[in-house]
Amino acid sequence: PLVLVHGFGQDSSAWVDVADSYARFFRVINVDLRGGGQSEVPDQSYTAQDLATDIVNLADVLDVERIHFCGFSLGGAIGMEFAIRYPERLTSLSLHSTWEGGPCPSMKRWIEVRSRLIAANDPVTNIGTRIVSFFSPEFVNANEDRIELFIQRARDNPYPMTPDGIKGHAEACLTHDVRGRLDAIRTPTLITCGSMDRSTLPSQSRYLHENIADSELIFIDGDGHFTPFSSTAEYLSISLGFLMKHTGGGA
């Protein structure tokens, strides 16, 4: 089984470009985190640790003992907590466009802006700021058709993020901190990041690589934050190659 865990302000539809390719080789479990998609939107705050516990509880309900964990952005933060707290339940860990947590003024300001925009319910600024944070200017300039597809998907989403939902995701991001605990991760780990990512910086992926023993770090040259969408073929080649290597299926 391969569990796909989306990022801040997203839902399971974030994986639409790659889920079918994964499903050729794995039993795909594509989740909506608390606060997003079709999952409940609780009033109380929660942390990445709480969300990791949600994933292990889901695995128990599905009678799944061990999983491949594939997390994007906030999903990667949850994956690190999962690997630290439940190492016996993991076969591999894939961390895409994510970060170690702790004080990060730029991210704090960005999360505050995104939360206010969603609460204001202005689709133009909401989607527009997502484009700025997800993609490099070069990608936007060269791929107008893909950007229009991204906009249309956001508009057509039947389960848009709510103010309460984004508040919960924001709290999970702002309280995330695995510094000083990354040496506890012993699961085979892949780390990927766009070389022009402005949301979770390449330097943060390097930090993860330097502190997670025997991890693999691969940058996707010239790309921004949302690599499963903007560099789908390259992302899948890297991701599936790693996964197959750790299932006995060859590189």
Side-chain angles (χ1 to χ4, degrees), residues 1-33 36-37 67-79 92-99 127-157 159 189-202 204-205 208 216-247 249-251:
L2 170 65
V3 176
L4 304 180
V5 185
H6 61 80
F8 167 73
Q10 294 182 309
D11 57 47
S12 56
S13 65
W15 299 103
V16 64
D17 295 284
V18 297
D20 286 347
S21 294
Y22 283 137
R24 293 175 57 199
F25 306 100
F26 300 94
R27 175 189 174 189
V28 171
I29 302 169
N30 193 359
V31 305
D32 286 332
L33 294 173
I67 64 171
H68 296 278
F69 192 111
C70 180
F72 169 76
S73 199
L74 173 58
I78 297 164
S92 74
L93 176 65
S94 297
L95 305 175
H96 303 294
S97 306
T98 192
W99 82 112
I127 298 172
T129 53
R130 290 181 69 195
I131 291 170
V132 169
S133 65
F134 273 14
F135 307 115
S136 69
E138 288 80 3
F139 179 83
V140 174
N141 290 338
N143 296 275
E144 190 171 353
D145 57 335
R146 292 288 287 168
I147 295 300
E148 288 301 320
L149 174 62
F150 180 83
I151 292 170
Q152 195 60 50
R153 285 179 179 175
R155 288 175 174 167
D156 293 345
N157 188 344
Y159 307 104
T189 301
L190 169 68
I191 302 162
T192 75
C193 180
S195 66
M196 297 181 67
D197 191 338
R198 293 175 292 183
S199 297
T200 52
L201 304 177
Q204 293 173 311
S205 285
L208 296 177
E216 300 180 33
L217 171 62
I218 299 177
F219 288 111
I220 298 178
D221 189 44
D223 207 353
H225 187 56
F226 195 21
T227 54
F229 179 89
S230 49
S231 292
T232 305
E234 186 172 358
Y235 168 89
L236 276 171
S237 177
I238 296 166
S239 177
L240 278 171
F242 171 80
L243 287 165
M244 297 301 285
K245 182 167 62 175
H246 293 286
T247 55

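Both backbone and side-chain heavy atoms feed into the values below; hydrogens, waters and symmetry mates do not. For reference, positions follow the sequence shown, starting with 1.
Considering only residues two or more places apart in sequence or on other chains, Ser199 meets the side-chain hydrogen bond (donor to acceptor under 3.5 Å, both in side chains) condition with none of them. With sequence neighbours excluded, the residues satisfying ring-ring contact (aromatic ring centres under 6.0 Å, His included) with Phe72 are His225, Phe226. The side-chain hydrogen bond (donor to acceptor under 3.5 Å, both in side chains) search around Asp32 returns Ser12, not counting sequence neighbours.
Contact check for Thr227 versus Ser97: side-chain heavy atoms found under the 4.5 Å cut-off. Side-chain atoms of Ile238 and Ile220, non-hydrogen and from C-beta on, do get closer than 4.5 Å to each other.
When the shell of 6.0 Å around CD of Glu148 is examined, it contains more than 12 heavy atoms from other residues, nucleotides or ligands. Under a cut-off of 6.0 angstrom, the local environment of CG in Asp221 is sparse, with at most 12 non-hydrogen atoms contributed by other residues, nucleotides or ligands.
Screening residues 8-20 for salt bridge (Lys or Arg N to Asp or Glu O under 4.0 Å) gives Asp17-Arg146, Asp17-Arg153 as the qualifying pairs, with residues at least two apart or on separate chains. Judged as a salt bridge (Lys or Arg N to Asp or Glu O under 4.0 Å), not a single pair has a partner in residues 228-244 (not counting sequence neighbours).
Atoms OG and CG, from Ser231 and Leu236 in turn, are 10.5 Å apart once rounded to the nearest 0.5 Å. Rounded to the nearest 0.5 Å, atoms CD1 (Ile127) and CD1 (Ile147) are 11.5 Å apart. With rounding to the nearest 0.5 Å, the separation of OH in Tyr159 from CG in Asn157 is 9.0 Å. The structure places CG of Leu95 at 7.5 Å from CG of Leu190, a figure rounded to the nearest 0.5 Å. Between the CD1 atom in Ile191 and the CD atom in Gln204 there is a gap of 12.0 Å [rounded to 0.5 Å]. Taking OH from Tyr235 and OG from Ser94, the interatomic distance works out to 7.0 Å, rounded to the nearest 0.5 Å.
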Checklist entry - Between Phe25 and Leu2, is a side-chain contact (heavy atoms from CB on, under 4.5 Å) present by the stated rule, with each step listed? => result CA-CA 9 Å; Phe25 306 100; Leu2 170 65; over 6 Å; no

Checklist entry - Are Leu240 and Phe26 close enough, and set up right, to give a side-chain contact (heavy atoms from CB on, under 4.5 Å), and what steps lead you there? => result CA-CA 10 Å; Leu240 278 171; Phe26 300 94; 4.0 Å; yes

Checklist entry - Which is it for Ile78 and Leu33 under the side-chain contact (heavy atoms from CB on, under 4.5 Å) test, yes or no, and what are the steps along the way? => result CA-CA 10 Å; Ile78 297 164; Leu33 294 173; 3.7 Å; yes

Item to check | Tyr22 and Ser239: CA distance, side-chain angles, deciding distance, side chain to side chain donor-acceptor pair (under 3.5 Å) verdict | outcome: CA-CA 9 Å; Tyr22 283 137; Ser239 177; 2.6 Å; yes

Item to check | Residues Leu149, Asp145; criterion side-chain contact (heavy atoms from CB on, under 4.5 Å); working and verdict | outcome: CA-CA 6 Å; Leu149 174 62; Asp145 57 335; over 6 Å; no

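Under a 3.5 Å cut-off, the side chain of His6 and the backbone N or O of Trp15 do not form any donor-acceptor pair. Between the side chain of Ser92 and the backbone N or O of His68, no donor-acceptor pair lies under 3.5 Å. A donor-acceptor distance shorter than 3.5 angstrom exists from the side chain of Thr98 to the backbone of Ala77, with no hydrogens or angles considered.
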Which donor-acceptor pairs under 3.5 Å do the side chains of residues 131-141 make with protein atoms, sequence neighbours left out?
from, atom 1, to, atom 2, distance (Å)
Ser133, OG, Thr129, O, 3.3
Ser133, OG, Arg130, O, 3.1
Ser136, OG, Phe139, N, 3.1
Ser136, OG, Gly222, O, 3.4
Asn141, ND2, Pro137, O, 3.3

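Nearest heavy-atom pair across Cys193 and Ser205 is CB-OG, 3.2 Å.
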